[in-house]
Amino acid sequence: MISYLSELNSLSESINKAMEEYNIAKPTIYVGEPTDPSYGDFTTNAAFIISKTFKISPYEAAKDLLYKIKVSKEDISGEAHPSGFINFKLTDSFYLKFLNEIIKNKGYGEINISEKKRIIIEHTSVNPNKALHVGHARNVILGDTLYRLFKRLGHQVTVLNYIDDTGVQVADLIVGFKYLGYSLESNDKYDHYCGDVVYVNANKAIEESAELKNKRSEVLRDLEKGGEIYRFARPIIEKIVREQLKSTWKLGARYDLLNWESHFVHGGYWKKMFDLLKEKGLVKFVTEGKHKNCWVLLDKKVLVRSDGTAVYIAKDLTYAAWKLGLIPDDFYYYAFATQPDGTKLYSTSLTGNLKSLYTPADEAYILIDQRQLPLQNLIKETLKALSATKEYKVIAYGLVALSKSTAEKIAKSKIEKDIVHMSGRSGIYYNLDDLMSAIQQVALKLINERNPTLSEKEEVASKVAIAAIRYSLMRPDLDKQIVFDINEALKLEGDTGPYIQYTYARASKILEKANMEVSLLDQLILSEEEKQLLLQMAKYDYYIFKAYFSTSVTSLANYAHELASAFNVFYEKKRVLDEQDETLRKMRLALVYAYKLIIADVMNVLGLPELKEL
RNA sequence: GGGCCCGUAGCUCAGCCAGGAUAGAGCGUCGGCCUCCGGAGCCGAAGGUCGCGGGUUCGAAUCCCGCCGGGCCCGCCA
């Protein structure tokens, strides 16, 4: 596929080759986007290095170097700038080839990475005792978008969701049901009921009562060994998980496999892991000091207590090793659910007849919030010591906190701090489902005002909400903390997901009204707006790769907005259907057609639903 | 005490990893644009000591060091 990236690569090669003629040792030059688009489409600072070495002016060096650069004059034109930069512009000939390829392929076609990998990505993994809040949503969205990106590049990807069904949070909930008399049924969505009512109140009661604390320990022990209380808890937990899944499916996410912590515990996987660690000498038994009688991992962290029980990280470590096939997979599998995209979601089991559905991965990605980074890095370090070829990749993101005003709304009281961290235990959080319906209502109101005859308004409004939420949570840099404010979240204009959806609808409308086949072109007569639009379209694979190599979708989301913006400018300035000149009309129609294909491709990777009308 | 992350326009954020040419968006403010493929849009204006100080460099928002502010982590909890 001819594109901005393919031209950049060949230009870069040409420049490096030309540089060899100067015999400068290891020159590090920049070839890429200029700071300001008005300078051109590519720029290089190579002349500065020549200038420095040979003590000539940067401008002279630039002119000399430009003369030596062998580049397809048909597709790229170069110019030495008095400042010393050499700037390059893509020509109409390039744009014509590019546009015709898009038309011919009906899109970008495959964007392939040379080395195909088996990738596992684990995301969501929310404790199964409550509904997802907006903090969890960041995890789901980043994870699902990376999954889509990996798929787009042709990797073989498996998405995992880990269910911690033997932890304290679940134990609290079960204490609520078993000893505090909470009803097992509710008219509310079950995950909301369990989290908002049973868990919050049970946790509070347990904290205030030694007797209940004992009960909780009893529950925890039983969950670990898979006894009577575990069998009581299991259907409750499954019911919650199914509700949680509904929320994530609504966002457009999907999974391949659910891993239950209890299956790892009851299946004896920890013992296999522990043996492996001992065999490789990564754990040591300590005979004196404060860690006397404990097993310590990499001289850093207690892994097995002096009473012989394993600490929490042991489970995570076991799971991580299992993903990469460092300990064997003895699970059975069964189809747990059929997802909205038609695929089956499988679950592990300790009994059954389906085996080996799962393939150990070359690379295992995990999405976590920054607080878990030290522990996950320790796991990464341990796995590295166990395998030289397999890679454990930790993607950490900043926390989602609540703005003061949003927190005050939830707590129904005055709050001193500027931001408030969400907490399931204390009931301070904003549920994802509530956010979805709040945005949906705003969108519905807009539709009723502006397009009252639209069919399936609810459905459309829901898709607008998905785009709004996904975009707002994937757009900020991973390192950035997000302060969630409900009033901000309800805005659907400007740099938002719906802005991008809107341009898709505009393009769709034009093509629908044109009602004709788009054919290959033999010439282009481009205005500045049209050239800008084409340039942005040509940059798609460049940003796909950028996102992949940085494992960050920030720049891709940003690109989607810039591409959409270029279309809106074009749309504003140039008429398509009522253009009198037939050549221009055909060309613009082809542009709209190509735009629709590419923006749809980007939207699909980002998980923003396409809307023909809104 | 040790460590991680953030600090760019009134607000929310790109740009920093691979240092270069007048630091970009969105929201908000002010002013324009629907006889026109849909105004969830477009155009323009105002608005910035890139937290502060030092260093490296011909050149620093970007790299290094030190401060200051904000968030977080550091258990034989999970």
Side-chain angles (χ1 to χ4, degrees), chain A residues 28-30 32 34-36 38-39 43 45 48 51-52 58 81-85 87 127 164 166-169 171 220 286 290-296 301-313 315-316 369-375 377 396-399 401 418-419 421 442-443 446-447 449-451 464 468 472 475-483 485 488 491-503 505-507 509-514 549-550 552 554-555 557-558 561-562 564-565 567-579 588-589 592 613-614:
Chain A
T28 49
I29 60 171
Y30 173 83
T35 49
D36 190 309
S38 69
Y39 291 120
T43 191
N45 66 351
F48 288 95
S51 148
K52 211 161 152 183
H81 189 270
S83 62
F85 288 95
N87 297 321
N127 273 307
D164 178 1
T166 64
V168 185
Q169 295 210 16
L220 265 174
V286 177
K290 64 173 182 175
H291 292 152
K292 192 178 173 183
N293 295 333
C294 295
W295 288 87
V296 175
K301 165 90 187 142
V302 170
L303 199 57
V304 178
R305 302 182 189 98
S306 52
D307 66 1
T309 58
V311 302
Y312 176 79
I313 188 184
K315 293 171 183 173
D316 276 355
D369 73 52
Q370 277 172 349
R371 292 175 305 187
Q372 304 168 59
L373 197 52
L375 275 189
N377 278 337
Y397 54 86
L399 288 172
D418 286 339
I419 63 163
H421 284 288
V442 171
L446 280 176
I447 292 167
E449 282 167 21
R450 297 172 194 187
N451 193 3
V464 168
S472 67
R475 172 62 218 273
D477 189 81
L478 289 174
D479 287 333
K480 237 94 167 191
Q481 167 176 270
I482 292 180
V483 178
D485 185 275
E488 291 297 317
K491 290 178 180 164
L492 305 177
E493 292 173 6
D495 190 5
T496 64
Y499 175 94
I500 297 164
Q501 287 177 311
Y502 189 64
T503 64
R506 278 181 152 177
K509 233 342 148 20
I510 292 173
L511 292 169
E512 187 190 309
K513 289 194 173 170
F549 289 117
S550 61
S552 160
T554 298
S555 57
N558 199 34
H561 178 261
E562 278 184 21
S565 176
F567 181 79
N568 269 337
V569 171
F570 159 76
Y571 181 92
E572 200 73 23
K573 297 275 167 65
K574 299 293 171 195
R575 311 293 302 170
V576 179
L577 299 179
D578 36 359
E579 170 60 52
R588 286 181 190 156
L589 202 61
V592 174
E613 223 183 327
L614 73 155

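Chain A is the first sequence line, chain B the second, and so forth, proteins listed ahead of strands; every chain is numbered from 1.
Nearest heavy-atom pair across A/Ala468 and A/Leu492 is CB-CD2, 3.9 Å. Between A/Arg588 and A/Arg575, the closest heavy-atom pair is NH1-O, 2.9 Å. Heavy-atom minimum distance, A/Val464 versus A/Ala443: CG1-CB, 3.9 Å.
Among B/rG39, B/rC77, B/rA14, the nucleotide with an atom closest to any side-chain atom of A/Pro476 is B/rA14. Closest to the A/Leu577 side chain, of the nucleotides B/rC37, B/rC42, B/rA78, is B/rC37. Here the nucleotide nearest the side chain of A/Asp479, chosen from B/rA40, B/rC37, B/rC6, is B/rC6. Nearest to the side-chain atoms of A/Tyr502 among the listed nucleotides B/rA78, B/rG38, B/rC76 stands B/rG38. Taking every side-chain heavy atom of A/Arg371 into account, B/rC73 is the closest of B/rG38, B/rA78, B/rC73. Closest to the side chain of A/Leu375, from the set B/rG38, B/rC37, B/rA78, is B/rA78.
Counting non-hydrogen atoms under 4.0 angstrom, A/Val576 reaches a base of the nucleic acid. At a threshold of 4.0 angstrom between heavy atoms, the contacts of A/Ile447 include nucleobase atoms, whether or not backbone atoms are also involved. A/Glu562 comes within 4.0 angstrom of nothing in the nucleic acid, heavy atoms only. Residue-level contact check: A/Val464 touches the bases, meaning some heavy atom is under 4.0 Å from a base atom. Counting any heavy atom pair closer than 4.0 Å across all strands shown, A/Leu303 reaches no nucleic acid atom. Counting any heavy atom pair closer than 4.0 Å across all strands shown, A/Leu614 reaches a base atom. A/Lys290 comes within 4.0 angstrom of a nucleotide base, judged by non-hydrogen atoms across all strands. Backbone-only contact: A/Lys513 has heavy atoms under 4.0 Å from sugar-phosphate atoms and none from a base.
If you measure from atom NZ of A/Lys301 to atom P of B/rC74, you get 9 Å, rounded to the nearest angstrom. If you take CG of A/Leu373 and P of B/rC73, they are 13 Å apart, rounded to a whole angstrom. Rounded to whole angstrom, the span from the CD atom of A/Glu572 across to the C1' atom of B/rG38 amounts to 11 Å. Rounded to an integer number of Å, the gap from CZ of A/Phe567 to P of B/rA40 is 14 Å. Rounded to an integer number of Å, the gap from A/Tyr499 OH to B/rG38 C1' is 15 Å. A/Asp164 has its CG atom 13 Å from the C1' atom of B/rC77, to the nearest Å. Rounding to whole angstrom units, NZ of residue A/Lys315 and P of B/rA78 are separated by 7 Å. In this structure, A/Leu478 atom CG and B/rC6 atom P are separated by 11 Å, rounded to whole Å.
Distance check on atom C1': B/rG19 versus B/rG26 gives 27 Å, rounded to whole Å. The separation of B/rG39 from B/rG32, taken at their C1' atoms, amounts to 14 Å, rounded to a whole angstrom. With P as the reference atom, B/rC6 and B/rC17 are 13 Å apart, rounded to whole Å. As rounded to the nearest Å, B/rG66 and B/rC77 have P atoms that lie 35 Å from one another. Comparing B/rA21 with B/rG75, their P atoms sit 46 Å apart, to the nearest whole Å. On the C1' atoms, B/rA14 is 13 Å away from B/rC50, given to the nearest whole Å. For the P atoms, the distance from B/rC76 to B/rA60 is 48 Å, rounded to whole Å. Spacing of P atoms, B/rG47 relative to B/rG10, comes out at 11 Å, to the nearest Å.
Side-chain atoms of A/Asn451 come within 3.5 Å of backbone atoms of A/Leu614 as a donor-acceptor pair (strictly under, hydrogens ignored). Judged by distance alone, with hydrogens and angles left aside, the side-chain atoms of A/Asp485 form a donor-acceptor pair with the main-chain N or O of A/Glu488 at under 3.5 Å.
Nucleotide B/rC42 forms a Watson-Crick or G-U wobble pair with B/rG32, both donor-acceptor distances falling under 3.5 Å. In this structure, B/rG24 forms a base pair with B/rC13, meeting either the Watson-Crick or the G-U wobble geometry with both donor-acceptor distances under 3.5 Å. For B/rG53, the paired base is B/rC65 (Watson-Crick or G-U wobble, both distances below 3.5 Å).
Contact annotation: A/Arg506 does not reach the phosphate of B/rC42 (side-chain N/O to OP1 or OP2, under 4.0 Å).
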Checklist outcome for this item: Heavy-atom contacts, protein to nucleotides 15-25 of chain B, under 4.0 Å, summarised as B (base), S (sugar-phosphate only) or - (none) per nt, yield -----BBB--S

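Taken from OH in A/Tyr499 to CD in A/Glu493, the straight-line distance is 11.5 Å, to the nearest 0.5 Å. With rounding to the nearest 0.5 Å, the separation of CG in A/Asp164 from CG in A/Asn127 is 5.0 Å.
Salt-bridge formation is detected for the pair A/Asp495/A/Arg475: a Lys NZ or Arg NE/NH1/NH2 atom is positioned less than 4.0 Å from an Asp or Glu carboxylate oxygen.
When the nearest nucleotides of RNA chain B are assigned to A/Asn558 and A/Lys573 by heavy-atom distance, the more 5′-ward of the two goes with A/Asn558. Map A/Val569 and A/His421 each onto its nearest nucleotide of RNA chain B; the residue landing nearer the 5' end is A/Val569.
Ring geometry, A/Tyr39 versus A/His81: the interplanar angle exceeds 60°, so the pair is classed perpendicular (tilted spans 30 to 60°).
On a pure distance criterion of 3.5 Å, no polar donor-acceptor pair joins the side chain of A/Gln481 and the base of B/rG71.
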Checklist entry - Would A/Arg305 and A/Val311 count as a side-chain contact (heavy atoms from CB on, under 4.5 Å) if you check the C-alpha gap in whole Å, the side-chain angles of each, and the deciding distance to 0.1 Å? => result CA-CA 7 Å; A/Arg305 302 182 189 98; A/Val311 302; 3.9 Å; yes

